[in-house]
Structures are given as C-alpha cells and as structure tokens.
Amino acid sequence: MATRRAGQRTLVGRIDPDVLAFTVGRDPVTDLELVEADCLGSAAHATMLSRLPVRPRILGARDCRRVILELRRLMDLAGRGGFRITDEDQDVHLAVERMLTARLGDVGRRIHTGRSRNDQVAVDLRLYAREQLFGLTGETLDLAEVLLAQARRHRLVPMVGRTHLQPAMPSSVGVWASAHAESLLDDMYLLKAALDYNDACPLGSAAGYGVPLPIDRRLTARLLGFREPIHNVLYASNARGKCESVILSAATQVMLSLSRLSEDLILYSMPEFGYFRLPPAYCTGSSIMPQKYNPDVLELVRAKARRVAALTAGVTAIVNGLPGGYNRDLQETKESFVDGLKTTRLSVRILARLCRAVAVDPRALRAGFSAGVFATDRALELVREGMPFRDAYQHVRGHLEELQAADPDRALRAKTHDGAPMGLDFRAYARRVQAGRRWVKAEQRRCHAALSRLLGTRYPRPVAGKERGA
Ligand code: ARG
C-alpha cells in the first residue's frame, strides 16, 4: 500500500503505478523500433555538447568518445534483440539514459543537457522513417521491375481490356502488367516527396522552445545527415505527427497500387477466367475442401491496404485539432506509424515474389475474347473508310450480331500509338526505374556516410552475430 501511494520510482519522479502503466502504454514495445535512432540522436547531441564553447565544459572530448562507444554497444545489443525497456523507463529515451548512466556515471547524467524527450522522439521518428523509406523505395522499384519483366515477356499476349469489369476492347498482358508497374513508378514521386519532407532535423528544439545554451543545431543536423535543422523550435515540435501523416499517406498510395494489382490477380486467376496461374507456394488450401487453392496472400494484401489507409486516417485524426506545442496525444501515433510502414514494406516484398512466379496462360486469355470486344475496332475501321465516327458507331451498334470474332493478335498489332499494346516504351520505363535506384542509392550513401562518421564505425551496424570487436 505504502509503495502504491508513494508511486513507482522513475527517472523523472514517482508516478502512481496505474497511471504509469496507462501513460506508458505500449511504448516499452513500440520504442524498441527506435533504439538505433535514439542512439544516433544521442551520439549527435553528445558530439555537439562536447564542442560547446562554454566553461566548464558540459562534456569533454573524451567523455563524448565514451558516450559514443557505449551507444554503439547499445545499438548492437538492440540488434541482437537484447535491449529492454521497462515501465519505469517509460520509453526508449529514458532507457538509453539509464543505461548510459549505469556504465558512465556522471557522464550519463549530463547527456540530457539542452534537450527534451520531445525533440528526441521527433528526431528518432525521422531517422527511423528515413531508413524505412529508403527500404520501401527500393522494394517498390523491385516490384515495378518484376511487373515490367512480366509485361515485356507477355507483351504480345492478347488480354480482354475491361471497363466496369465488362469486356471492352482488345488489350494485352503487356499493357495490364506495365500499368501496375507505372502506378508504382508514379508512387515514387510521393515517396520522394515524403523523404524530402522528412529531411529536416528537429533536434535542439528541446521541449519546443529552445534552451538558454549556445547549442549548434546546424551541427547536429549535419552529423545526422539531415539537409538542415527545422528552423522554428515550436514548429519542430508541431511537425511531429503531421510528418508521420505525410509519410503514411505516401505509403497508403503504394498500398492502393498493390490492392488493385492484388484484386486483378485474384479475379483473373479464378478458374472462370484462368488467365493467370498463381504460384502454388503463395496459395493455401482448405481444411475441409480438398480441391481448394486460395489466393490468401493477395487477399491479405488487399486487407492490409485498407488497414494502412486506416492507420493513416488514425494518425491524421490524432493530429487534427491538437493545440500547438507537445501533447502526449502524439505518443499514440507512434504504433500506427511503425505498423503502417512495416505492413507496407511486407506487402510490397511478398507481392514482388508472387508476381515473379505468376504464370500466364495465353490460351485462356485468347479464349476470353468475344466478338463484342472488337465492336469499337470495327467502327474505327468504317471511319478509316470515310464514315463519320458517330455513324459508324450507330451502324455497328445496329449490327452487333454481324460482328465476327476477329483475330485478337491482329487487333493488338493495330494499336501502335504511345502506351498502347504495340507502343509501350519499355526503355522509358527502365530509365525511370534506374533513375529511382540511382537517387535512393545516392541519398542512402550520403546519410549512411554521415552516420558512419558520427559513430566512428560503419553504419548500418553489422548484423547480429557478425559484429567486429570493440
Ligand atoms: N513517449 C513519449 C512520446 O512518444 C516521449 C515524449 C514524452 N514527453 C513528455 N513531455 N511527456 O511522445
């Protein structure tokens, strides 16, 4: 009872255990995603503190080196899955401070000089988002490439083009597959914009109002590989949540592309169509119906697309109407943010593997052509003979029964303009993929070089089990 009344001891005072549990929420788990980012932010902050022109020094150069070595150790510990955040820590920021203090004593107790958890979490999320966006960009390009390879391979295979899902006009597997690829290539604009939006450093804004110390925010931004610091200290705080909402919106657009692709694949691999055969490894059976062969992966991607959209809406809703300055509400956006990004990357990756193994059945695709599919082509033939289009349209409409099941291959060959079955510019597609790859590689190299310099060792850190000495 006594301890209950006194509350649980934390680094920032005693807190009633129930209140602590409620306010901490799922942070001890969610924040495990941010350990690496938090250590990077602390390394930049410590470096900056050690260069501050104040006497006595807040942190000496030697102290700074010890802090960074310790932070590297913590990053490796996290990489091995050994980092723990307790309820008393509340979050990753105080957990790291506790561990630094346990190993370095006074030096650890000085690390929080001139910063707040508010700017720490904001910078952590941006560092985390940056890595996730690098990964997602590369994976999105991978999927686009897989689809383009399928489009190329089957560019001459006829496929009924549909509107309202009804047979409409002759088209090709090439058009179908590269349409999905082009959607992803357009999503690259949003991923790029999201990375740009994210590329400013909130560190040093502290609680949202700066500190009465001559801290160097340009230095910390540079050390972490950001373009610049977010200028206004209050805006640096207000941007939290909104930045996540922007990034998740870009992810939602990628998921929208995936959901349409998934739905098409589910539909056209149904036995009634049989255009595509899904790789058996990506389907599951039924526990009761022996013949079943279900497109579970695609259905789950479809559902996950809706879930990512919902997570985005959730983050946006939390930010909507918040007053300026830090509010604890923002903590509640973290889980959705992490979940949304992870879910998007998982979905893109699995679809790339599935699409690579999708088989195309040209016979079933050709069999799907009914005479009506050629109606518009027939009208345009009459136009070529001199008839005004509306007359040709009326004529064909009045004589639909006369339409012959024409040759789909011939129909494809007649469509040669830009973007049509015979006018697909695969070179231009390849150039877009290459430009995207070059760009993300350069960005990644720039950021990782900055972080490697900061840590005095290679970043990203070697994977667990393979680390070098020190
Ligand atoms: N866990 C907190 C969050 O995600 C960290 C910031 C806490 N700041 C505070 N003023 N209580 O928002």
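As the structure lists them, so they are numbered: ligands from 1, and atoms in each ligand from 1. Counting begins at 1 with the first residue of the sequence.
Summary of contacts: the protein heavy atom closest to atom 3 (C) of ligand 1 is Tyr326 OH, 3.4 Å. For atom 2 (C) of ligand 1, the closest non-hydrogen atom of the protein is Gln331 OE1, 3.3 Å. Closest to atom 8 (N) of ligand 1, if we only count protein heavy atoms, is Asn118 OD1, 2.9 Å.
Distances between N or O atoms of His93 and those of ligand 1 include no value under 3.5 Å.
Between Gln90 and Arg117, some side-chain heavy-atom pair lies under the 4.5 Å cut-off.
Of all the heavy atoms of Leu330, none lies under 4.0 Å from any atom of ligand 1, so neither backbone nor side chain is involved. In Lys334, the part holding a heavy atom less than 4.0 Å from any atom of ligand 1 is the side chain. At a 4.0 Å heavy-atom cut-off, ligand 1 touches Asp27 through the side chain alone. The part of Arg240 lying near ligand 1 is the side chain, judged by heavy-atom distances below 4.0 Å.
Distances below 4.0 Å separate heavy atoms of Asp91 from the following atoms of ligand 1: 1 (N), 2 (C), 5 (C).
Side-chain contact check for Ser237 and Asn118: no donor-acceptor pair (N or O, by modelled atom type) lies under 3.5 Å.
Counting non-hydrogen atoms of neighbouring residues, nucleotides and ligands closer than 6.0 angstrom, the CZ atom of Arg152 reaches no more than 12 such neighbours. Surrounding CZ of Arg328 are more than 12 heavy atoms belonging to other residues, nucleotides or ligands, all under 6.0 Å away.
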Gln434 vs Arg431, test: side chain to side chain donor-acceptor pair (under 3.5 Å). Steps then yes/no. CA-CA 5 Å; Gln434 288 326 314; Arg431 275 198 298 275; over 6 Å; no
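Between Thr86 and Pro28, the closest heavy-atom pair is O-CG, 4.3 Å.
Of the residues listed (Glu335, Glu332, Glu33), the one engaging Arg26 in a salt bridge (Lys or Arg N to Asp or Glu O under 4.0 Å) is Glu335, and it is the only one.
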